[in-house]
Amino acid sequence: MSINIKKFVIPITTHKKEKTIEFYKILGFVCYNKDTFFNGNFFLNIYEKDAYVVKGLSDNMQHNNLFLFSMQIEDLETFKRDLLTHKISIERIDEIPIGEYITIKDPNGYKIVIYELYI
């Protein structure tokens with residue numbers, strides 16, 4: 001069986017919609033339509049929910065370290081400087097012989113891994 005995947009759509013539930021939108025714009029996502037953002041590989045659908053409901057979800061996500069997605073980029077060093085310029089903290093840096101991986105969290109507590117492969 002052969003599967004041909006065209007696009008990934010990632011739903012994000014938040015009570016911090018504007019903050020979430022600004023965060024993903026910093027990561028290079030552009031507005032595709034009202035609540036959808038795109039970076040060439042991923043669509044993000046951002047859903048605003050009641051703060052009480054989402055807070056309970058967010059606390060649970062942070063406790064369980066819920067992983068959202070990973071993104072391969074070129075020039076991770078420049079990207080890391082851009083994150084620091086925008087006051088986005090890097091949670092973890094992992095270097096392996098074939099590349100470097102960084103982990104960040106979005107305003108909702110979702111983990112995102114961004115990496116550059118050297119070969």
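Heads up: numbering here begins at 1 and tracks the sequence.
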What are the two closest heavy atoms between [X] and [Y], and how far apart are they?
X      : Y      : result
Val113 : Tyr101 : CG1-CD2, 3.8 Å
Pro107 : Lys19  : CG-O, 3.8 Å
Ser89  : Ile104 : O-CG2, 3.7 Å

Distance check, rounded to the nearest 0.5 Å: [X] atom [atom1] versus [Y] atom [atom2]?
X      : Y     : atom1 : atom2 : answer
Leu117 : Leu76 : CG    : CG    : 10.5 Å
Arg92  : Ile90 : CZ    : CD1   : 13.5 Å
Ile102 : Met71 : CD1   : CE    : 8.5 Å

Next item on the list: State, yes or no, whether a side-chain contact exists between Glu100 and Glu116 at a heavy-atom distance under 4.5 Å.
Entry: no

Margin query: Side chains of Phe69 and Ile112, heavy atoms from C-beta outward: is any pair under 4.5 Å?
Written below: yes

Item checked: Pairwise side-chain hydrogen bond (donor to acceptor under 3.5 Å, both in side chains) hits with a residue in residues 23-38, at least two apart -> Lys17-Asp35, Tyr24-Asp106, Asn33-Thr36, Thr36-Asn45

Next item on the list: Decide side chain to side chain contact (heavy atoms under 4.5 Å, CB included) for Leu44 and Val9; before the verdict, give the C-alpha distance in whole Å, the side-chain angles of both, and the deciding distance to 0.1 Å.
Entry: CA-CA 6 Å; Leu44 302 177; Val9 178; over 6 Å; no

Note to self: Under the criterion side chain to side chain contact (heavy atoms under 4.5 Å, CB included), I'd like the reasoning laid out for Glu91 against Lys105: C-alpha separation, chi angles, the key distance, then a yes or no.
What the structure shows: CA-CA 7 Å; Glu91 301 282 322; Lys105 286 188 179 178; 4.0 Å; yes

Margin query: Other members of the hydrophobic cluster containing Tyr118, with the 4.5 Å side-chain heavy-atom rule, please.
Written below: none

Next item on the list: List for me each residue that meets side-chain contact (heavy atoms from CB on, under 4.5 Å) alongside Ile26, sequence neighbours excluded, and say none if there are none.
Entry: His86, Ile88

Note to self: Please enumerate all residues that pass side-chain contact (heavy atoms from CB on, under 4.5 Å) together with Glu18, with sequence neighbours excluded.
What the structure shows: Ile21

Only counting residues at least two apart or in another chain, list the ones meeting side-chain hydrogen bond (donor to acceptor under 3.5 Å, both in side chains) with [X].
X      : answer
Thr103 : none
Thr78  : Asp75, Arg81
Asn39  : none

Note to self: Suppose we screen for salt bridge (Lys or Arg N to Asp or Glu O under 4.0 Å). Which residues come up paired with Glu77, at least two apart in sequence or across chains?
What the structure shows: Lys80

Kindly write out the residues that satisfy ring-ring contact (aromatic ring centres under 6.0 Å, His included) with [X], not counting sequence neighbours, or none if the list is empty.
X     : result
Phe23 : none
Phe38 : Phe43
Phe37 : none

Notebook entry, point to check: Would you say the side chains of Asn108 and Thr13 form a donor-acceptor pair under 3.5 Å?
Noted result: no

Item checked: Stepwise side chain to side chain contact (heavy atoms under 4.5 Å, CB included) test for Tyr110 and Ile12 -> CA-CA 9 Å; Tyr110 290 110; Ile12 299 173; 3.8 Å; yes

